[in-house]
Amino acid sequence: MTYDVAIVRQPLNALFDLKGSPAAIQNWAADVLPTLPERPNSRTGQASVELYHVGRNHWIARAPLEQEAELEKHLSPTNCPAEISIVRVSDTLTFFRVVGPQADEVMSIACPLDIHETEFGEETVTYTELFGLKALIMRCEDGFEFAVEQSFGDMAEDYLSRAVA
Amino acid sequence: MMLIPCPFCGKRNESEFIFGGAVGADRPDPNSVNDAEWVEYLTVAPNPLGPVQERWWHARGCSEWVTIWRDTRTHDIVEAPDDSE
Ligand SMILES: [Zn+2]
């Protein structure tokens with residue numbers, strides 16, 4: 001069966017992995033980050049910076065690659081307080097968009113999550129699995145966006161293209 | 001298929017988790033137990049017919065460790081038995 005979708009590999013993003021208590025992170029980085037998302041597996045955004053709450057005391061900040069140096073300067077990973085951890089991880093994840101009228105059907109082949117709108121809304125971001133690989137998934141305009149470990153990028157693309165062929 | 005309740009993510013498919021083994025006895029002080037008791041602690045895992053307490057790691061999720069009770073007869077996730085610690 002063929003599906004009416006497009007699979008589009010995304011360019012690199014500026015990504016920072018943030019760990020620590022919400023208060024400590026807010027104290028250190030409030031001026032460059034959106035308000036911390038409180039609900040597990042949700043996101044907030046401000047200007048072009050997004051923040052994903054992906055685990056207990058664990059967030060991922062994402063912005064266009066052009067902002068990496070500026071963000072790094074402000075987040076200052078090497079000088080941050082000992083109770084928090086900030087690591088630049090821009091090179092570790094490859095993002096894809098699966099968009100089109102049947103994007104949800106294709107994602108349902110790959111992923112065990114219930115991705116109906118009522119369970120998986122606009123603001124949801126979560127780690128789950130995609131063809132058995134750990135993947136970060138969320139909605140985007142006209143479909144879904146997901147990220148896998150960079151070295152699995154070609155494999156994920158291959159799986160997807162076989163699933164939709 | 002099991003849906004395992006993660007304290008951070010809610011109920012998730014078992015395939016997102018890695019089994020971390022049954023919850024056994026606490027490690028005894030090796031100087032205060034005899035050899036048989038020590039070998040028992042090292043090598044005998046709980047294997048009841050009925051509820052067993054287990055650890056699961058939400059590896060392809062939020063990375064939290066989860067402790068549940070699972071009934072080995074039905075595969076259901078159940079409440080802790082009344083006599084459990
Ligand atoms: Zn979880």
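Chain A is the first sequence line, chain B the second, and so forth, proteins listed ahead of strands; every chain is numbered from 1. Below, each value reflects all heavy atoms present in this structure, side chains not excepted, and no hydrogens, waters or symmetry copies.
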Count the heavy atoms of every other residue, nucleotide or ligand shown that sit under 6.0 Å from [atom1] of [X], and state whether that count exceeds 12.
| X | atom1 | answer |
| --- | --- | --- |
| B:Asp29 | CG | yes |
| B:Asp82 | CG | no |
| B:Trp57 | CH2 | no |
| A:His116 | NE2 | no |

**Asked** Can you say whether B:Glu16 sits under 4.5 Å from chain A via the side chain, the backbone, both, or neither, judging by heavy atoms?
**Response**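 It is both, since atoms from each part get that close.
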**Item:** Proximity breakdown for B:Ser63 and chain A, heavy-atom pairs closer than 4.5 Å
**Value:**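 Contact with chain A: side chain only.
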**Item:** Choice from A:His53, A:Lys134, A:His58 maximising heavy atom contacts with chain B below 4.5 Å
**Value:**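 Among A:His53, A:Lys134, A:His58, the one with the most close pairs to chain B is A:Lys134.
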**Request:** Count the heavy-atom pairs under 4.5 Å between each of A:Leu133, A:Thr128, A:Leu136, A:Val54 and chain B, then report the option with the highest count.
**Result:**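 The candidate making the most pairs under 4.5 Å is A:Thr128.
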**A:Phe144 reachable from A:Val125 in the ILVMFWY side-chain graph, under 4.5 Å edges** =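 No; tracing contacts between hydrophobic side chains, which count when under 4.5 Å, never links both residues.
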**Message:** Assigning hydrophobic clusters by single linkage (Ile, Leu, Val, Met, Phe, Trp, Tyr; side-chain heavy-atom cutoff under 4.5 Å), is A:Met155 placed with A:Leu160?
**Reply:**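 The answer is yes; both residues are in one hydrophobic cluster.
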Identify the two heavy atoms, one from [X] and one from [Y], that lie closest to each other, and give their separation to 0.1 Å.
| X | Y | value |
| --- | --- | --- |
| A:Pro112 | B:Asn13 | CB-ND2, 3.6 Å |
| B:Pro7 | A:Arg56 | CB-NH2, 3.7 Å |
| B:Phe8 | A:Pro40 | O-CB, 3.2 Å |

**Request:** List the steps and the verdict of side-chain contact (heavy atoms from CB on, under 4.5 Å) for B:Arg12 and A:Leu113.
**Result:** CA-CA 7 Å; B:Arg12 290 296 182 91; A:Leu113 270 190; 3.6 Å; yes
